[in-house]
Amino acid sequence: MVHNRGFLFVSFFTFFTLLFPFRTACPAEAPMTYVTFWFDTEDYILPQADDAAKRIAEIFTARNIHATFKIVGEKARVLEERGRDDVIQALSRHDIGYHTTYHSIHPTPSEYSRDLSWHEGVQEFLRREGIGLEMVESVFQRKNSCYGQPGGSWTPQSYAILREWDIPLYLDATPHVNLNNRPFYYGGILNVLELGDCLLNTSGWDENAVRKFCDQFDQAHRQLAKEGGGLISVYYHPCEFVHQQFWDGVNFAKGANPPRSEWKLPPMKSEKEQEQAFGVLEKILDHILKQPNIRFVTASDIPALYPDDTYSQPLNHKELIAIAEAMQKKISFVDLRTRFLSPAEALFAMAALLAESDENLIADEITVVFTYGPASRTEEYIKDGSFTWEEIVSASIDFLDAIFQTEQMPSVVWIGGKPVRPQDFAATLATVVTKFLRKQIPTEPISLVKGTMEAEQYVANDSDPGLWGWVIFPEGFHAPKLMEMAKLQAWTIKPAKLQK
Ligand SMILES: [Zn+2]
């Protein structure tokens with residue numbers, strides 16, 4: 001009898017659990033706000049900046065949380081030269097990212113890439129910045145987890161080398177590329193850049209600044225809860241806790257390039273002002289640590305929060321139809337609900353379907369590979385015309401062959417011997433893919449459809465106010481060719497989806 005009663009009780013409980021599953025939901029299911037603090041550790045002139053970096057590392061270590069220090073190659077070298085093993089040890093307890101070889105000595109990355117082609121810019125970034133990466137990795141004895149450019153000195157070609165270096169994250173604060181103020185993929189790399197309300201920094205060092213930061217943090221935290229979770233990015237420079245003026249502003253502003261013998265030390269904060277600055281950091285950390293559903297993450301943790309399974313999960317027919325329908329409306333990234341595809345991936349998928357099928361056997365699924373956007377923009381292309389089905393299929397095979405051989409979309413797609421822009425090729429394929437999947441060969445002639453690369457809107461224009469406002473650039477600096485290269489890489493852009 002007793003046994004039976006127990007059984008009844010268990011069944012009753014199970015029944016209620018099934019009926020009201022949310023009653024048993026555990027707190028871990030609440031949306032999580034991930035918080036990342038990164039410090040651009042770059043001042044190799046003022047020795048006291050070494051101590052500032054060490055103290056910041058210790059502030060985090062004392063709270064059992066981790067920060068990311070993005071380190072300049074020359075900074076790593078001088079830490080070793082000055083015998084600062086204590087600083088190297090303190091920073092080594094945290095995450096180590098990369099921040100170029102010399103940071104502000106001219107030419108900086110946007111300056112030396114300004115007039116280069118895609119391929120020249122890729123090689124020049126490798127040649128100039130590979131040295132610093134080796135310095136940081138040899139001093140800190142580990143692989144770097146992320147990269148960020150000096151000031152506003154951004155280049156699209158850097159992405160190709162980051163991929164070569166197996167650095168999966170671009171972590172910075174820059175408006176050159178921005179997708180709705182949230183993390184995104186571009187150039188085959190996860191980007192955490194201009195996050196709008198989720199990119200924070202105290203713009204002062206007093207109680208007011210602390211209050212303002214905490215309010216902004218709480219607001220961003222509430223907003224991310226509504227969005228189902230997300231990432232708040234907070235940045236500083238260790239040197240700004242001890243100086244009054246940036247080390248590079250004092251020496252390299254407006255294109256100045258004095259020899260090492262003439263480098264000046266930046267003016268310092270008083271002892272009291274320095275204590276106040278470190279106090280501000282401690283106060284904001286303690287505020288954040290008191291909030292619910294918060295997790296501190298470093299650059300090494302972030303890629304796993306925003307995984308990209310585009311290449312490991314093939315696309316089925318339903319998804320291919322969704323891609324074709326989306327590309328008929330606009331040439332941009334495609335939302336498949338479970339994941340996003342970049343415009344390049346969407347075009348690749350449509351071309352691969354035609355290349356890998358025939359009228360009798362349609363490919364069951366399509367596996368996508370990564371491809372860069374074109375290296376240049378063609379001026380010579382047809383504005384209207386029509387093609388046979390065979391010409392469209394041959395062009396798709398040729399398009400895929402170019403990608404497999406170069407890992408880059410061609411600047412021109414040749415259909416029946418006529419030059420076609422990639423966006424027009426995408427718009428044209430979008431009109432035939434759905435029919436083809438329904439086993440209907442599209443009626444000939446197949447007309448060329450004009451496509452507009454709408455995804456280019458996420459890349460800034462060279463003329464945007466403030467884009468080149470970094471004080472280190474020569475006065476009046478502009479880089480229209482570089483931003484044109486950046487727009488061509490808009491083929492690779494798509495939102496990054498937070499893993500739930
Ligand atoms: Zn910097």
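Computed from a predicted structure; not experimentally measured. Atoms within a ligand are numbered from 1 in the order they appear, just like the ligands themselves.
Using a cutoff of 4.0 Å between basic side-chain nitrogens and carboxylate oxygens, D286 and R63 are scored as salt-bridged. Taking the charged nitrogens against the carboxylate oxygens, K70 and E42 have no contact shorter than 4.0 Å, which rules out a salt bridge.
Protein N/O/S atoms found under 2.8 Å from the Zn ion (ligand 1): E42 OE1, H99 NE2, H103 NE2.
Aromatic pair Y44/W247: centroids less than 6.0 angstrom apart.
Each side-chain hydrogen bond (donor to acceptor under 3.5 Å, both in side chains) pair with one or both residues in residues 251-262, not counting sequence neighbours, appears once here: E74-R260.
Side chains of E129 and Y147: a donor-acceptor N/O pair is absent below 3.5 angstrom, by distance only.
Ring orientation note: the planes of Y98 and W165 are nearly perpendicular, at an angle over 60° on the 30°/60° scale.
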